[in-house]
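Heads up: the structure comes next, in structure tokens.
Every heavy atom of this structure was used, including side-chain atoms; hydrogens, water molecules and symmetry mates were not.
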Amino acid sequence: MPENPAGVASDDGDALVARLDLIESQPLAERAEAYAQLHESLQARLEGSDRRGGN
């Protein structure tokens with residue numbers, strides 16, 4: 001994996017872990033909705049990356 005001088009990949013990973021921690025602390029019904037929103041967000045990001053040629 002190429003190095004990212006701005007540290008964006010690391011920041012994204014840290015943000016994801018923080019978001020997952022927050023989701024896990026919620027009651028079950030809210031957790032299910034939060035995971036669905038996270039899934040949609042990640043899917044949109046991946047699909048956008050595909051359209052721009054990856055990376």
Side-chain angles (χ1 to χ4, degrees):
M1 179 183 284
E3 245 183 83
N4 187 343
V8 173
S10 178
D11 291 345
D12 287 348
D14 292 343
L16 178 59
V17 169
R19 190 168 176 186
L20 290 170
D21 286 341
L22 178 65
I23 290 171
E24 282 297 314
S25 69
Q26 297 176 353
L28 185 58
E30 293 174 27
R31 210 179 315 160
E33 179 61 28
Y35 276 122
Q37 290 174 356
L38 177 61
H39 175 268
E40 290 173 9
S41 172
L42 292 172
Q43 184 176 21
R45 188 166 184 181
L46 287 170
E47 289 173 353
S49 177
D50 286 346
R51 284 187 222 112
R52 289 188 307 268
N55 295 350

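Side-chain polar atoms of E24 and Y35 form a donor-acceptor pair below 3.5 angstrom.
Each of R31, E33, E30 was scored for a side chain to side chain contact (heavy atoms under 4.5 Å, CB included) with I23, with one residue passing: R31.
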>> As a quick check of understanding, evaluate salt bridge (Lys or Arg N to Asp or Glu O under 4.0 Å) for R19 and D14, giving each step before the final call.
In response: CA-CA 9 Å; R19 190 168 176 186; D14 292 343; over 6 Å; no

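Contact annotation: the side chain of Q37 never approaches that of L42 to less than 4.5 Å [non-hydrogen atoms, C-beta and beyond].
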